[in-house]
Every structure is written in C-alpha cells, then in structure tokens.
Amino acid sequence: MLKLILKDFAVQKNSFKTYVAIALALGVFFLLNGWQQMAVFMISAQIIYSFLNHAFYEDEKNNTLRLLVSLPVQREKLVYARYITLAIVTVGTFALFTLVYYVLVLSGVLKEELGTGIVSFFIIILFFIILVSVYLPLAYKLGYIKANSINRFFLIGIFAVSTAAGLVLKNISESSPPAFISRISEILSSVNPYTMLIFAIAFTASIYLVSMELSIKYFRRRNLF
Amino acid sequence: MDDMILRVNNLVKKYDNFSLKNVSFNIPKGYIMGFIGQNGAGKSTTIKAIMNLIDFDGGSIEIFGLDNRKHCNEIRNRIGYVSEEQYFYEDMTVEWTGKFIGSFYSRWDGGYFRKLLGQFNLDSRKKIKELSKGMKMKLSLAIALGHRPELLILDEPTSGLDPVVRSELLEIFLDIVQDDNCSILFSSHITTDIEKVADFVTIIDNGRIILSEEKDTLLSNWKIVKAENSCFNADISEKLIGVRKGDFGYSGVTGKFDEFAKVFRKYFPGASFKSEKITLDELLVRIAREGDAAC
C-alpha cells in the first residue's frame with residue numbers, strides 16, 4: 001500500500017512545482033482583495049484538486065493502469081491507496097495553510113478576528129471534499145478524461161445553483177421569510193457551531209467512504225483491455 | 001502437482017465480433033511454447049485470460065495446478081509477464097521503475113535485476129521516455145525476470161523490433177530456459193522466431209486452436225504435397241488443407257501424410273506427387289486460408 005501511495009507523489013515530482021506556484025498566485029490575488037480565509041481555501045483546494053487530477057492523468061497518459069492491474073495486487077488496493085493518498089494530501093494541505101493563516105492573524109500581519117467564522121471556513125472545506133468524493137467514482141468508472149469533462153459541467157452547475165441559492169437567500173432575508181425557514185434558522189442558531197462542525201465532519205467522512213466503496217465497485221468491473 | 005505448468009481447458013470468451021472457441025493447450029515444465037496465429041486470431045485475448053486481466057465465459061485455466069481466478073495474486077507472484085505494449089511512467093527512471101514494480105513481488109531480486117540491466121546494456125539512470133522500443137522491451141523483460149518467475153508469458157515480444165534486437169531477445173529466452181528452468185509461453189505472428197526457439201507450438205486461428213504439439217513432430221508430420229490437377233478429387237481434398245490450384249497443378253498441406261499417400265495411390269496408381277518439408281510460416285498461411293475447414 002505504501003509503495004502505491006509514494007508512487008502518486010513520485011510521478012508528480014515535476015508537475016507539483018507548477019501547480020503549487022499557480023495555487024500560490026491565486027492565493028495572493030485573493031489576499032490582495034481582502035478575502036483572507038478564501039485565499040487559504042483557494043490555495044489548498046487548488047493544490048489538492050491538481051494533485052488528484054495529475055495522479056489520474058499520469059496513469060491515463062502512460063496507460064499504467066494496465067501495468068498496475070497486471071501486478072500481484074488486488075484492484076481494490078489500488079483504489080484504497082489513491083483515497084488514502086488524497087486524504088493525506090487534503091488534511092496536510094489544509095492543516096498547513098490554516099496554520100500559516102493562524103500564525104499570520106495572531107502575529108498581526110493579517111487583520112482579522114478568529115472566532116466562529118472558522119466553523120464556516122471548515123464547512124466550505126468539507127463541501128469541497130464532498131465534491132471530490134463525487135468526482136472520484138466517476139474517474140474510476142469512466143476514466144480521467146471523461147470524468148474530468150463531466151466534472152467541469154458539474155462545477156459550473158454547482159456555481160450556478162449556489163449563485164441562484166444566494167440570490168434566493170438574499171431575497172428571503174430582505175423580506176419576511178416563510179415560517180419553516182425561520183424555524184430552521186432558529187434551530188441552527190441554537191446548535192453549538194462546534195457540534196455542527198463535528199456532525200459535518202462525520203457526514204463528510206461517510207460520504208468519502210461511500211465514494212471509496214463505489215470506486216472499488218466500478219474499478220473492479222472496468223475493462224481496461 | 002503434475003508436470004504441466006499451464007493448462008488451458010476449453011476456454012471460451014465471447015465478444016460481439018470475435019470469440020475464443022474452446023481453446024485448450026498445455027505447457028510442460030521447462031519448455032518454450034510458441035503460440036502463433038495471424039493478427040486478430042486470439043493470441044492476446046488468450047494470454048489476457050491466462051493473466052486474469054479479462055473475464056472469460058467458459059472453461060478453466062490452471063497455472064502451477066491452481067485456478068487462475070481463485071489464486072490470481074499467488075499465481076502472478078510466480079509469473080513474469082511481458083505485454084505487447086510497454087506501460088511505464090515515462091518521466092521516471094529505469095531504476096525507479098524496476099524498484100517500484102519489483103516491490104510487489106515477494107521474490108524480487110534487485111541484484112539480479114541490476115545484473116540483467118547490465119547484460120541488456122540498459123542505463124538505470126535513463127528516463128523511460130528516452131528508451132527505444134527495443135530497450136523498453138528489454139526493460140520489461142528484465143523486470144519480468146527480476147523475481148525469478150517459474151513461468152514467463154510473453155505477448156508478441158519481438159513484434160516491431162529490428163532483426164538484431166529480435167535475435168538478441170531470442171538468445172535470451174533460450175538462456176532463461178536453460179539456466180533458470182523457467183517455462184515460457186511466447187506468442188508471435190513472426191513464425192521464424194518461434195521456429196528458432198520453441199519446443200512446442202500451438203497454432204490459433206479465428207479463436208480456435210488448430211493444433212498444439214511438439215515443434216519437431218509437427219514439422220516432420222506436416223508436409224506440402226504437390227501434384228497435377230488431373231490427380232485431384234473430393235477424397236484427396238479431404239486429406240489436405242489450404243489447397244492452392246494453378247493451371248497445371250495443385251498444392252496443399254497435410255498432417256497425415258501416410259493417409260494422403262494411401263488415398264492418392266488408390267485413385268491415381270500410375271501418377272506421382274511431390275512432398276516437401278513445411279515451415280511454420282507456410283503452415284500458418286495455409287491454415288489461415290483454410291479457416292474452419294482445417295478443424
């Protein structure tokens with residue numbers, strides 16, 4: 001398992017520098033515009049997404065899935081390894097840049113208050129992980145190229161839906177909201193935000209595990225020859 | 001365990017436009033089996049089924065006496081497999097590739113792998129993308145041999161290589177069998193390669209095994225016969241495959257020469273026919289021409 005995890009890092013040695021540089025440039029852009037938490041999220045998300053895509057891309061470009069499935073290793077282990085690698089990269093990247101962000105805030109370089117805003121920041125990260133969990137089984141079922149094309153439309157869809165949802169919520173907040181929305185809002189505000197975060201983490205972890213099981217199922221059936 | 005290292009029994013694999021039809025053959029321990037047939041005859045499909053890379057619809061495959069689907073990883077750990085196309089991470093070095101792939105095999109011998117790289121004149125620091133097709137094939141072979149397999153499965157290893165590299169590889173195969181007591185299944189449509197190294201030959205055509213026997217027996221039993229067109233009838237035709245007719249005479253091949261001679265003399269007692277030794281190439285061409293009638 002370890003060799004498969006290390007392989008995903010080793011084969012990206014050259015491309016890693018490029019996408020980290022792009023992610024940092026994106027982060028600087030957000031910082032300069034005053035979106036500090038967003039900058040941390042964008043840097044991390046860009047690195048994680050690029051890492052995942054390049055891992056699939058290297059296998060697709062070199063046709064090495066054919067090599068891997070001919071080795072004395074079960075197909076499910078190939079999938080487990082990819083999920084573990086991704087979990088390491090995700091946790092590691094977000095932890096690193098969140099730490100950098102905290103250090104910058106605590107040292108006064110960034111002027112922002114640390115508070116429950118961090119909960120909503122983590123919720124965004126978890127939402128990103130859910131999106132990745134949707135993408136992975138597609139990549140194992142259809143291959144990187146097809147899955148990536150679908151993913152682009154999916155992300156555009158998410159953007160459209162979230163924009164529309166934002167407008168609806170804005171309209172609701174400006175007028176008097178329907179009773180059920182007020183009730184939901186009351187319930188949510190009565191729950192401790194950290195309890196909510198724990199539930200969100202548990203929910204995301206379950207989605208990630210379901211995604212892994214689906215990927216294994218699809219990859220076992222996939223005809224590579 | 002018996003003396004057969006590989007047993008393929010009535011293998012069936014159906015595709016929309018092609019199928020393997022009850023493919024059966026065996027490889028004894030310590031021998032080279034040449035697996036020949038024209039492109040699209042079913043060689044690679046059979047090999048992929050043996051390697052459990054594709055599902056099959058019927059029959060069974062036993063390697064080292066074990067069912068290849070139930071004991072897949074245990075079997076793969078004892079097999080060296082070289083596919084027709086080499087699939088490596090192009091930006092990685094020869095050394096990294098060997099170490100990475102070797103780490104999956106319990107009996108990987110890094111020292112032996114490096115020795116083979118030296119023997120094949122492969123620079124371990126070179127990147128895969130810097131290697132020629134022949135070099136990649138040699139690397140693939142070094143990796144396949146690096147864990148000292150008991151069975152080496154080679155899918156068209158000499159296809160697309162220049163004659164010098166092909167000749168080198170054939171010598172390597174002979175050395176492997178002599179030195180390491182390893183059996184080899186070697187598929188190719190280049191019959192001259194098979195003729196040089198194989199102990200046994202299996203011919204496949206249109207998904208069906210036409211014959212599978214010892215190469216020397218096959219080459220001595222099968223002959224080309226030639227006679228005048230006036231000495232041809234339905235019974236003669238039955239004894240021949242791949243019949244070619246010209247203005248004056250016909251030729252065909254037979255695996256039962258004595259029976260052909262008996263029938264010929266019965267119908268045409270005063271006439272004569274010529275018989276010639278056959279090459280695998282000629283036999284394959286005639287079989288391909290005959291198609292299903294050969295079975």
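Reminder, nothing fancy here: chain letters follow the sequence lines and each chain counts from 1.
Annotation for B:F120: atom CZ counts as buried by contact number, over 12 foreign heavy atoms lying within 6.0 Å. Around CZ of B:R114, the count of heavy atoms belonging to other residues, nucleotides or ligands within 6.0 Å does not exceed 12. Residue A:R221 qualifies as open at atom CZ: its count of foreign heavy atoms under 6.0 Å is 12 or below. Residue A:F199 qualifies as open at atom CZ: its count of foreign heavy atoms under 6.0 Å is 12 or below. More than 12 heavy atoms of other residues, nucleotides or ligands lie within 6.0 Å of CZ in A:F30, so this atom counts as buried by the packing criterion. Within a 6.0 Å sphere centred on CZ of A:F127, heavy atoms belonging to other residues, nucleotides or ligands number 12 at most. Crowding of B:K129 atom NZ: a count of heavy atoms from other residues, nucleotides or ligands under 6.0 Å exceeding 12.
A:L67 CG to B:F104 CZ: the interatomic distance, rounded to the nearest 0.5 Å, is 8.0 Å. Atom CG of B:N52 is separated from atom OG of A:S70 by 11.5 Å, given to the nearest 0.5 angstrom. Once rounded to the nearest 0.5 Å, the distance linking CG of A:N62 with OH of B:Y87 reads 11.5 Å. Annotation: the span from A:T64 atom OG1 to B:M92 atom CE amounts to 11.0 Å, rounded to 0.5 Å. The CG atom of A:L224 sits 11.0 Å away from the NZ atom of B:K48 when rounded to the nearest 0.5 Å.
Annotation: side chain of B:M51 is not in contact with side chain of A:F225 (no heavy-atom distance under 4.5 Å).
Formation of a donor-acceptor pair under 3.5 Å by the A:K3 side chain with backbone atoms of B:S103 is found in this model.
Contact detail for B:L53 and A:R75: the closest heavy-atom pair is O-NH2, 4.3 Å.
Only the side chain of B:I54 comes within contact range of chain A, with heavy atoms under 4.5 Å apart. Residue contact with chain A, scored on non-hydrogen atoms closer than 4.5 Å, involves the backbone and the side chain of B:Y89 alike. Using a 4.5 Å cut-off between heavy atoms, A:L68 touches chain B through its side chain atoms alone. With a 4.5 Å cut-off on non-hydrogen atoms, A:N223 touches chain B through its side chain but not through its backbone.
Looking at B:D91 and A:K61, a side-chain N of the basic residue comes within less than 4.0 Å of a carboxylate O on the acidic one, giving a salt bridge.
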Open item on the list: Walk me through whether B:F100 and A:V11 qualify under side-chain contact (heavy atoms from CB on, under 4.5 Å).
Closed with: CA-CA 11 Å; B:F100 170 66; A:V11 297; over 6 Å; no

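Of the listed residues (B:E74, B:R78, B:R76, B:H147), just one forms a side chain to side chain contact (heavy atoms under 4.5 Å, CB included) with A:P72, and that residue is B:R76.
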